[in-house]
S.K.: 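Once you've had a glance at the structure underneath, I'll fire off some questions.
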Amino acid sequence: MPRVRFAPSPTGYLHVGSARTFIFNWLYARRNGGTMILRIDDTDVERNSDQSLDSIFEGLKWLGLDWDEQYRQSDRLALHQEFAQSILAKGLAYRDFTPQVAAVEDAPHSGDTWLCNPGQREIPQEESDRRAAAGEPFVLRYKVPRDTPEAVKFTDAVYGEQSKSTADIEDFALLRSTGIPTYHLASCADDVDLRISHIVRGQDHLTNTFKHVLIFKAAGYEPPQFAHLPLLIAPDGAKLSKRKHGPVVSVTTYRDAGFLPHAFINFLCLLGWSPKDDRERMTREELTAVFSFEGINRSNAVINFSDEEPFDAKCLWLNAETIRTMPATELSAVLAPVLAEAGIDCSAERLALITPLIQERIKLLKDLLTVGDFFFAKELAPYDSAELIPKKGDAAMALQALEKALEVLPGAEFSHDGLEAALRAGAEQLGIKAGQMFEPIRVAVCGRKTAPPLFGTLEALGRDVCLERIDKAIAKLK
RNA sequence: GGCGCUAUCGUCUAACGGUUAGGACAGAGCCCUCUCAAGGCUUAAAUACGGGUUCGAUUCCCGUUAGCGCUACCA
């Protein structure tokens, strides 16, 4: 049975790329009857924060995807240290007593590749032990074979055969001078201990994997299977970052904007993966049934957004499609909290009337507040009385239509069909086109020309509100 | 700089040597229609460049260019 893990480090909110990594891991586990593990990789004490930990859980909770086991690396330091000691004991690592140098900002990565600090590899065992015992700080480094370069190899489920010469791999750190393990060490130690079978993660780790293979082997274990995922990038080609691209990189932004979790998951799945049969809208079950590493491609995928349009058009479309095709009662249920949050009081019965009217007109749940504002406003926002004048008509015609409505509406049956019959008859009596009759009424009642279908709208608004608003429109015209 | 990875319409992608290079989103147009949507139909739009290999390259190989990643006692 496969065992996979999602291992975020709590140094920022849940990133959309991380969310996709979680989803692909989850899909693989569920597809193959495996175990999904959430492991918090919090070895970077300086940068960890509780807020980002919260953000990760919040984001995952919203996505509605579960996991079977949960760990935190900081609880497992003893295991990591033991793991490091075993590598040291085998002579495959050494202590580097070089004092820590402050990282140079924008270091020009030119010149020769740094492989190790001079002299440190050659310190005799006894001296090394003595200095360590005396409390001299050191970082434990992996002793990459130097005598004859050899190829480190692994097979990636997405990128295929990978090979890199040890001559191009530096003596990377296993333990910091504080004794805290580095990411490389902790990650491998935990992957071994948790019996991870497949490591599915971002392609930014592809070259790190050579180091990991070295660690696994040094500790006496066969490395697990690897599957690296192409990166998600911004339209400018750069890796998505909060500093550069703002809140669009955070999962909670999508939640707060009114995306449905499944639409978002569906969108993310389509970035860097394809079912190869032109299907795009897929249920969670369909995704689970068809997901495989073979469908993952190798080039980075752009999430399209701009200042004007903060969300990728396809994500928006997927969300709109999901909204349109869900049962109206279900939509009402997710719309209710949106209203509540906006401080709008609306009964379930009334919302049930409104939902079908806006269902195919909103892309985001939040759009209810703008597309359907007139349903909830006590007082219509001011509009130009010229708006009331129908096509190929004049103010007199508008007035005529509105007065007719006032005459007909009090006695009409306030249902879609009843209203349609009454208003069409009214238009006929006036000798004007139905459209010319409806237009002024629509504007009177909605405050604008583009709105949901008229009869349902009138019904949802109720007789009193309609009559009152038409009254006001007439006064405006006069 | 070194090493690694990548390169098909604006974007996401399909085509695992032979297709008029397909689909979707976004765009344009038409139809439907009480406005707006939705829906239907139509349309424009791509194999980065240069060499090979082959009867035949989007597909395989090499080079160039470009982008990305790693090159930390971050992950």
Side-chain angles (χ1 to χ4, degrees), chain A residues 7-9 11-12 41-44 46-47 96 98 100-104 107-115 137-141 156 159 162-165 167-170 172-184 186-187 201-211 228 230-231 233 235 237-239 267 270-281 294 297-304 309 312-318 320 324 357-362 371 390-391 420 423-424 427 433-439 441-443 446 448-455:
Chain A
S9 65
T11 54
D41 279 11
D42 55 351
T43 54
D44 187 357
E46 322 246 294
R47 296 198 305 153
D96 180 348
T98 309
Q100 183 170 3
V101 288
V104 191
H109 289 298
S110 54
D112 296 328
T113 313
W114 175 88
L115 288 176
F138 63 86
V139 2
L140 190 72
R141 290 189 184 281
D156 189 89
Y159 289 90
Q162 302 295 314
S163 173
K164 186 168 180 168
S165 168
D168 295 316
I169 301 175
E170 76 283 2
F172 53 92
L174 263 18
L175 248 30
R176 304 168 225 239
S177 51
T178 53
I180 304 280
T182 61
Y183 158 75
H184 301 301
S187 176
R201 77 227 304 186
Q203 192 239 46
D204 46 348
H205 286 299
L206 192 63
T207 44
N208 284 335
T209 305
F210 296 105
K211 297 171 189 168
H228 286 89
L231 263 22
I233 58 176
K239 198 169 152 178
F267 170 66
L270 261 18
L271 294 174
W273 173 83
S274 150
K276 311 270 183 198
D277 60 5
D278 287 345
R279 267 187 303 168
E280 303 223 293
R281 286 205 59 213
E294 286 72 53
N297 58 24
R298 287 174 286 274
S299 49
N300 294 346
V302 173
I303 294 190
N304 226 342
E309 198 48 78
D312 190 289
K314 197 144 202 174
C315 192
L316 242 19
W317 173 77
L318 243 12
R324 277 195 283 275
L357 296 171
I358 51 91
Q359 182 156 22
E360 60 185 30
R361 269 161 266 267
I362 60 171
V371 170
K391 241 181 281 179
E420 173 158 24
L423 292 176
R424 282 195 190 276
K433 288 188 171 167
Q436 293 174 316
M437 175 81 186
F438 302 156
E439 243 185 275
I441 301 174
R442 170 177 298 110
V443 174
C446 302
R448 72 173 101 95
K449 280 185 166 152
T450 61
L454 187 58
F455 316 122

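Sequence lines set the chain letters: A, B, ... in the order given, protein chains first and strands last, and positions in each chain run from 1.
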S.K.: Between atom CG in A:Asn297 and atom C1' in B:U59, what is the gap in whole Å?
M.R.: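 So the two atoms are 15 Å apart, to the nearest Å.
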S.K.: What is the base-pairing partner of B:G63, counting Watson-Crick and G-U wobble geometry with both distances under 3.5 Å?
M.R.: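 Looking at the geometry, B:G63 pairs with B:C49.
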S.K.: For a quick check, with a 4.0 angstrom heavy-atom cut-off, what is the B/S/- contact string for nucleotides 21-40 of chain B, read 5' to 3'?
M.R.: -BBBSS-------BBBBSS-
S.K.: With the criterion being N/O to N/O and under 3.5 Å, what pairs connect the protein with nucleotides 5-9 of chain B, and how long is each?
M.R.:
| from | atom 1 | to | atom 2 | distance (Å) |
| --- | --- | --- | --- | --- |
| B:C5 | O2' | A:Gln203 | NE2 | 3.1 |

S.K.: Look at the side-chain N and O atoms of A:Thr182 and state whether any lies under 4.0 Å from the OP1 or OP2 oxygen of B:A72.
M.R.: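 Indeed not, no polar side-chain atom of A:Thr182 lies that close.
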S.K.: Let's see if you can work this out: which of B:C73, B:C70, B:U11 has an atom nearest to the side-chain heavy atoms of A:Val302?
M.R.: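 Of the candidates, B:U11 comes closest.
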S.K.: Only one of A:Gln203, A:His228, A:Arg298 forms a side chain to side chain donor-acceptor pair (under 3.5 Å) with A:Asp156, so which one is it?
M.R.: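 Single pass found, and it is A:His228.
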S.K.: If we only count heavy atoms from C-beta on, is the A:Lys164 to A:Ile169 side-chain gap below 4.5 Å?
M.R.: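 They are in side-chain contact.
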S.K.: Whole angstrom is fine here: how far is it from CD in A:Glu46 over to P in B:C73?
M.R.: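 In whole Å, B:C73 P lies 13 Å from A:Glu46 CD.
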S.K.: Rounded to whole angstroms, how far apart are CG on A:Asp277 and P on B:C16?
M.R.: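 Rounded to whole Å, this separation is 14 Å.
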S.K.: Is any side-chain heavy atom of A:Lys391 closer than 4.5 Å to one of A:Gln436?
M.R.: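 No, side chains not in contact.
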S.K.: Which whole-number value in Å describes the distance from A:Glu294 CD to B:U13 P?
M.R.: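 After rounding, the reported distance stands at 17 Å.
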S.K.: Tell me: CG of A:Leu231 to C1' of B:A75, nearest whole Å?
M.R.: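 Whole-Å distance recorded here is 13 Å.
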S.K.: Is the distance between the ring centroids of A:His205 and A:Phe210 less than 6.0 Å?
M.R.: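 So the answer is no for these two rings.
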S.K.: Among B:C70, B:U13, B:C73, find the nucleotide with the atom closest to the side chain of A:Arg141.
M.R.: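 Selected nucleotide: B:C73.
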